[in-house]
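Computed from heavy atoms alone, side chains included, the values below leave out hydrogens, waters and symmetry copies. Please read these numbers as outputs of a predicted model, since none were measured by experiment.
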There are 2 protein chains.
Amino acid sequence: MSQIRKPPTMADIARVTGVSPMTVSRAFKTDSLISKETRDAILKAAEDLGYVFDATASNLRSQKTDFVAVTIPSINNANFADTVGGLSETLSARNMQILLGYTNYDMQEEERLIEQLLRRKPEAIVVTGGKHTARARKLLENAPIPVIETWDVPAEPIGHFVGFSNAGVVREMVDHLVRSDYSRIAFIGGDVGRDTRGSDRRQGFLEAMRQHGLDTSRLIAAGPPPISMREGANAMARLLEQFPDTEAVICVSDLSAFGALTECQRRGLRVPEDISIGGFGDYEIGSICVPTLTTIDAHARDIGRKTGSLLLDILDGKQNVGDVLIEPQLIVRESTR
Amino acid sequence: MSQIRKPPTMADIARVTGVSPMTVSRAFKTDSLISKETRDAILKAAEDLGYVFDATASNLRSQKTDFVAVTIPSINNANFADTVGGLSETLSARNMQILLGYTNYDMQEEERLIEQLLRRKPEAIVVTGGKHTARARKLLENAPIPVIETWDVPAEPIGHFVGFSNAGVVREMVDHLVRSDYSRIAFIGGDVGRDTRGSDRRQGFLEAMRQHGLDTSRLIAAGPPPISMREGANAMARLLEQFPDTEAVICVSDLSAFGALTECQRRGLRVPEDISIGGFGDYEIGSICVPTLTTIDAHARDIGRKTGSLLLDILDGKQNVGDVLIEPQLIVRESTR
DNA sequence: TAGTTGGATGGTATCGATAACAAAGGCGTT
DNA sequence: AACGCCTTTGTTATCGATACCATCCAACTA
């Protein structure tokens, strides 16, 4: 029986309730001044009519969307997921919604994505990483909203940033291994040039090794990022063939580190007795696998939370809001001696 | 020097270019009829002015958002991430954007989320699971857009569904184990009542065991979903204490299965010689850990892709679009004999 | 040559909510 | 009683793009 009819609008509710559309509008804002009886009557009528608030109209008129645009390299990465989780947690207090996009570790794709996202008129934009195409950078600079770069310390920040030095964390790992008397240390990472954070970590490895006067030739490029467990295992196989005397390996993430670990297990190599392994990211797997993995905790969720409160401060017009330097933490476990 | 000025609109471009706003609008649609010269001039002027298309205005007037709303239990789950990836892949061909929300495995939260998402006027909504609060169900039924339920076979579908029987997959796993002469089989899952898919899997376990006339008391509730690796390990520890003679364990996911596996390794139990382990979801870890995990591949990415093409068919007004029954596949690996 | 077709462009009204301003009524104060 | 103040509600115009319809002109047909 029911006809195809247009969904009800605030005007319909106003008619039914006998008030003006403006009053209906007020009934849906929590803070606005309206008598309790009127509001109740309006909300009841809305429920009866099956009214659904139209955010598109509200967005246009009020020039507010309550969107925060976020780009991350991949949806399927516990670290970035944690960051988004922390951000979401903080923003939901303000009823803001995250508009999420995936760059697939590709700066061209990031550029497209940023353009797409800005069209939706977000209140702010959060991007992962501090390197972008020239056009993406221009888009962000010209955007009339706060811009926050995360998971990096940008050479030239566009707006604010919440991050850490990716080269620095690997330097720290190298220093730790050297202190533990390792010298034939290898690095398993992604292909250079795609994942900028991965490249930075590789760079940090090279710098630290040179500083210690150690051989920097033990470098395995495991393919385009993200490096999977499987790719980590394959890379470990190649490493062991090319450099059988390697004492320790630093992997670009815990996932590739775990893959590398399993490759050792299949070959009957003992970790850490025969070879040591370090990862990055403090993924759950590193804390539970046998042996557990030495890693670096980048405080992914904290990055999200701090980005969120930084954002809220900026949107509230607070002065003197600064950048946030995250301090990743080395966690020594069983995979290194 | 630069003043705080309002971002340019199509009217500004029209003024600069000497055409009507309507023509400017046409220049931004790929299919519309407009001469090449005019379009080029408009796009150039837009670039010069730093114009950013305003989707909120477009959405309101055209009553189209190119949004597809999607709810998943958690962002940090490779299975759901794959489904979203497959969906995204399919929809991006139509330039549609996914509006993602997380229910945190909570039907109340799902209800709130659905209401939030519908306000954004998506073209369609995809929800994970076939069970919802009464109000959420009503919201979905009344929504003037296609509704697709995934990862389940709903008792009463709201619109269409793309999924499989969660009870069925575990029955299959039990049958396989029984065929391999196991009889003291346990199940490690989440608390009942929160995660409906997890509960369904538990139910499938009970049914299958009864059918085979086997003892159904070996049930470990590992806490509220999602069950982490750590919780899987803890559950395994409890299982071994309560039922030391258990021959095989089915875990609600590969992650908990891996956790259980590590617990066995820590206790010096051999898998599968002393105890066998089965998981669910065909996560990467199951294919690379030592020993590799017997699991069930639910074709997560395929669910996303098929949801996407089903959606496009519906939006194109195709008749006779049917539901999609996914056939999960048992993958026997080293963790069962 | 007149008539027709179709590509390109313009004019106007509109999507639905709400910002900005106005006003009505109740209450207390002097 | 007169005044001001606060609470509650109403009126009007508007956010920016575009659906819809009208118009113009070149090219082509009969």
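B/S58 comes within contact range of the sugar-phosphate backbone alone, with a heavy-atom separation under 4.0 Å but no base atom that close. Within the nucleic acid shown, B/T38 comes within 4.0 Å of sugar-phosphate atoms alone, with no base atom in reach, counting heavy atoms only. Residue contacts for A/L33: at a heavy-atom cut-off of 4.0 Å it reaches a base atom on one of the strands shown. At a threshold of 4.0 angstrom between heavy atoms, the contacts of B/M10 are confined to the sugar-phosphate backbone, with no base atom among them. Backbone-only engagement by B/F53 is indicated by non-hydrogen atom pairs under 4.0 Å involving sugar-phosphate atoms exclusively. B/V19 comes within 4.0 angstrom of sugar-phosphate atoms only, judged by non-hydrogen atoms across all strands, and of no base. Nucleic acid contact for A/L60: base, since at least one base atom lies under 4.0 Å from a heavy atom of the residue.
Side-chain atoms of B/R26 and base atoms of C/dG10 include a donor and an acceptor less than 3.5 Å apart.
Rounded to whole angstrom, the span from the CG atom of B/D66 across to the P atom of D/dA17 amounts to 16 Å. Rounded to whole Å, the distance from CG on A/D54 to P on D/dC15 is 18 Å. Put simply, CD1 on B/I13 is 11 Å from C1' on D/dA17, counting in whole angstrom units. Following rounding to the nearest Å, B/R61 (CZ) and D/dT18 (P) show an atom-to-atom distance of 10 Å. Rounding to whole angstrom units, CD1 of residue A/I42 and C1' of D/dT9 are separated by 10 Å. We find that CG of B/N59 is positioned 14 Å from C1' of C/dA17, with the value rounded to whole Å. Atoms CZ (A/R120) and P (D/dG16) sit 17 Å apart, rounded to a whole Å. Counting to the nearest Å, the P atom of C/dG7 and the CD atom of B/E37 are 15 Å from each other.
Along DNA chain C, the nucleotide nearest to B/G18 and the one nearest to B/Q63 differ in position, and the one closer to the 5' end is contacted by B/G18.
Side-chain atoms of B/D316 do not come within 3.5 Å of backbone N or O of B/K318 as any donor-acceptor pair. A donor-acceptor contact shorter than 3.5 Å links the side chain of B/D152 to the backbone of B/G130. For the pair B/S92 (side chain) and B/E89 (backbone), a donor-acceptor distance under 3.5 Å is present. Although no hydrogens or angles enter the test, the distance criterion places a donor-acceptor pair under 3.5 Å between the side chain of B/T17 and the main chain of B/I13.
Proximity note for B/S20 (side chain, C-beta onward) versus C/dG10, D/dA13, D/dT18: the nearest is C/dG10. Of the listed nucleotides (C/dA17, D/dG10, D/dG16), D/dG10 has the atom at the smallest distance from the side chain of A/M22. Here D/dG16 is the nucleotide among C/dA17, C/dT9, D/dG16 with the atom lying nearest to any side-chain atom of B/T9. Of the candidate nucleotides D/dG10, D/dT18, C/dA17, D/dG10 has the atom nearest to the side chain of A/T23.
Between B/K36 and the phosphate of C/dA8, there is no side-chain N or O to OP1/OP2 separation shorter than 4.0 Å. Distances shorter than 4.0 Å separate some side-chain N or O of B/Y51 from OP1 or OP2 on D/dA17. In this model, the phosphate group of D/dT18 is not approached by any side-chain N or O of B/K64 to a distance below 4.0 Å at OP1 or OP2. A sub-4.0 Å separation between OP1 or OP2 of C/dA8 and a side-chain N or O of B/S35 is absent.
The aromatic rings of B/W151 and B/F164 sit perpendicular to each other, their planes meeting at more than 60°, with 30° as the lower class boundary.
Side chains of B/H160 and B/E149: no donor on one and acceptor on the other come within 3.5 Å.
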